[in-house]
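Here's the structure, in structure tokens; my notes come after.
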Amino acid sequence: EQRKLGEIIEVNSGKDYKHLKSGNIPVYGTGGYMLSVNDALSFDKDAIGIGRKGTIDKPYILKSPFWTVDTLFYAIPKENYTLNFVFGIFQKIDWKSMDESTGVPSLSKATINNVRVSYPNSTEQIKIGQYFSKLDDLITLHQRECDQLKELKKSMLKKMFPRDGSNIPEVRFAGFTDAWEQRKLIEVCDYVDYRGKTPKKTKTGIFLVTAKNVKDGYIDYEASKEYISYKDYDEVMKRGIPEIGDILFTTEAPCGNVAQVDKPNIALAQRIIKYRGKDNIINNNYLKCYLLAPTFQKNIDKKSSGGTVQGIKGSVLHQQTIQYPSYIEQQKVGMIFNIIDNLITLHQRL
């Protein structure tokens, strides 16, 4: 059936909370949880929060008891309408197209109430609502596990590489006790600095990896989609074609991002330097992790220059030191971070 939203929900206004005392009842705004107070606007009825001002297109479920600020409406489904089903309707509506302001995005009760929606009988509503609720729970679970893995990676990048002034890491694999060596990047890695005339962009052809595509150890092919012709590819890549396993380092906009080449036939834009560890000296998987480690990144921050856009010259970058253990231990370090990265990717895809 079809009805207006105002016939199936009751839209209520949030209020200022500053007169309330601290307590255990959550206060929500358009961005989510803010703090907790001692009173509630809804003690026993769950609702859907939808922005009145500011962020108007990110509805979310509010579990009672709760309080909302005056920039967040809370919509309570009427009898015979299920919360999870109505929440699905709210997620489907293009709220931005209903913006009533020329400045800060705004919605009114009248606008919300006048939206026409379709709905089935209450039994089917329940089934649809349960289905999407389970999907939301799975998304939350994978996001939580993904966040935990990212924190683990962040922690291990600190502990598995020596800190300034040390030649032994805090955490290492059993059976390895030797002190780590230290040399300049240019002594243990081959490199190509892709400088010169920027080739003309095309709609199809060879994918051009720019600094925007270089992320936390991987190439994000969705961050920027640019291409160059096959003819220009031969000219741009004549100094060295990227191979699977090579390590990319951005020197500007942004500076210090790292990625590993994971497929052939890609081109590299300016402001990217490609490194490859010399045989049996530096393992590429290890090199990727070392360049991401806080100790190396801090040194890059110190050496970078510029105003609003910070950058580092290739000649300066090549002279930075890299600490490394035996090749076998490097392989193990690289392997453990590859496992973590693969798990992060898996949870993001799920």
Side-chain angles (χ1 to χ4, degrees), residues 1-15 25-34 36 40-101 104-148 222 345-350:
E1 294 184 32
Q2 266 202 352
R3 283 192 179 182
K4 292 183 178 181
L5 266 180
E7 297 178 74
I8 67 176
I9 60 168
E10 180 184 347
V11 182
N12 301 278
S13 298
K15 296 180 180 179
I25 294 173
V27 175
Y28 295 100
T30 55
Y33 172 78
M34 297 172 61
S36 295
L41 291 177
S42 178
F43 280 97
D44 57 356
K45 291 182 179 179
D46 298 338
I48 299 159
I50 182 73
R52 179 186 70 82
K53 204 173 189 66
T55 303
I56 62 174
D57 62 333
K58 302 290 183 184
Y60 59 94
I61 288 179
L62 302 168
K63 291 291 186 179
S64 62
F66 63 82
W67 187 285
T68 67
V69 299
D70 60 0
T71 57
L72 185 71
F73 290 126
Y74 64 98
I76 299 175
K78 294 181 180 179
E79 192 175 354
N80 297 324
Y81 300 98
T82 61
L83 179 73
N84 288 326
F85 175 78
V86 176
F87 179 52
I89 290 177
F90 267 69
Q91 291 176 293
K92 185 171 166 290
I93 296 169
D94 183 6
W95 294 109
K96 282 188 175 180
S97 68
M98 302 176 193
D99 180 11
E100 301 174 342
S101 172
V104 179
S106 301
L107 286 177
S108 67
K109 287 185 182 180
T111 298
I112 296 172
N113 287 333
N114 282 324
V115 176
R116 297 194 69 84
V117 297
S118 300
Y119 67 95
N121 62 51
S122 57
T123 302
E124 191 171 0
Q125 286 182 44
I126 292 171
K127 287 186 176 292
I128 292 173
Q130 287 174 341
Y131 175 75
F132 282 102
S133 180
K134 287 178 181 179
L135 285 179
D136 285 338
D137 289 343
L138 283 172
I139 291 170
T140 300
L141 174 64
H142 284 296
Q143 185 60 57
R144 187 178 298 124
E145 292 184 357
C146 186
D147 290 342
Q148 290 172 349
E222 298 298 318
T345 300
L346 175 64
H347 285 295
Q348 286 175 331
R349 287 176 179 168
L350 292 172

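Within 6.0 Å of atom NZ in Lys45, 12 or fewer heavy atoms from other residues, nucleotides or ligands are found, so the atom counts as exposed in its surroundings. Other residues, nucleotides and ligands place more than 12 heavy atoms under 6.0 Å from the NZ atom of Lys78.
Among all heavy-atom pairs drawn from Ser118 and Ile89, the shortest one is O-CD1, 3.9 Å. In terms of heavy-atom proximity, Ser97 sits nearest to Asp94 at OG-O, 2.7 Å. The two residues Arg52 and Asp70 make their nearest non-hydrogen contact at NE-O, 2.6 Å. Here the shortest heavy-atom pairing between Ile50 and Ile56 reads CD1-O, 3.3 Å. Annotation for Pro59 and Ile48: closest pair CB-CG2, 4.1 Å, computed over non-hydrogen atoms.
Residues Val86 and Tyr119 are not in side-chain contact: their nearest non-hydrogen atoms beyond the backbone lie 4.5 Å or more apart. Considering only heavy atoms from C-beta on, Ile61 stays 4.5 Å or farther from Asp136 through its side chain. Contact check for Phe87 versus Gln91: side-chain heavy atoms found under the 4.5 Å cut-off.
For the side chain to side chain contact (heavy atoms under 4.5 Å, CB included) test with Tyr28, the passing option among Leu62, Leu41, Val69 is Leu62; the others fail.
Within the 6.0 Å centre-distance limit, the rings of Tyr74 and Phe66 are counted as a close aromatic pair.
Put simply, the side chain of Lys109 never gets that close to the backbone of Glu10: no donor and acceptor are under 3.5 Å apart. Judged by distance alone, the side chain of Ser106 and the main-chain N or O of Val104 form a donor-acceptor pair under 3.5 Å. Checking side-chain atoms of Asp46 against main-chain N and O of Ser64 turns up a donor-acceptor pair under 3.5 Å. Asn113 contributes no side-chain N or O that, together with a main-chain N or O of Leu5, makes up a donor-acceptor pair within less than 3.5 Å. Between the side chain of Asn84 and the main chain of Thr82, no donor-acceptor pair closer than 3.5 Å is present.
Relative orientation of the Trp95 and Phe90 rings is tilted, given thresholds of 30° and 60° on the angle between their planes.
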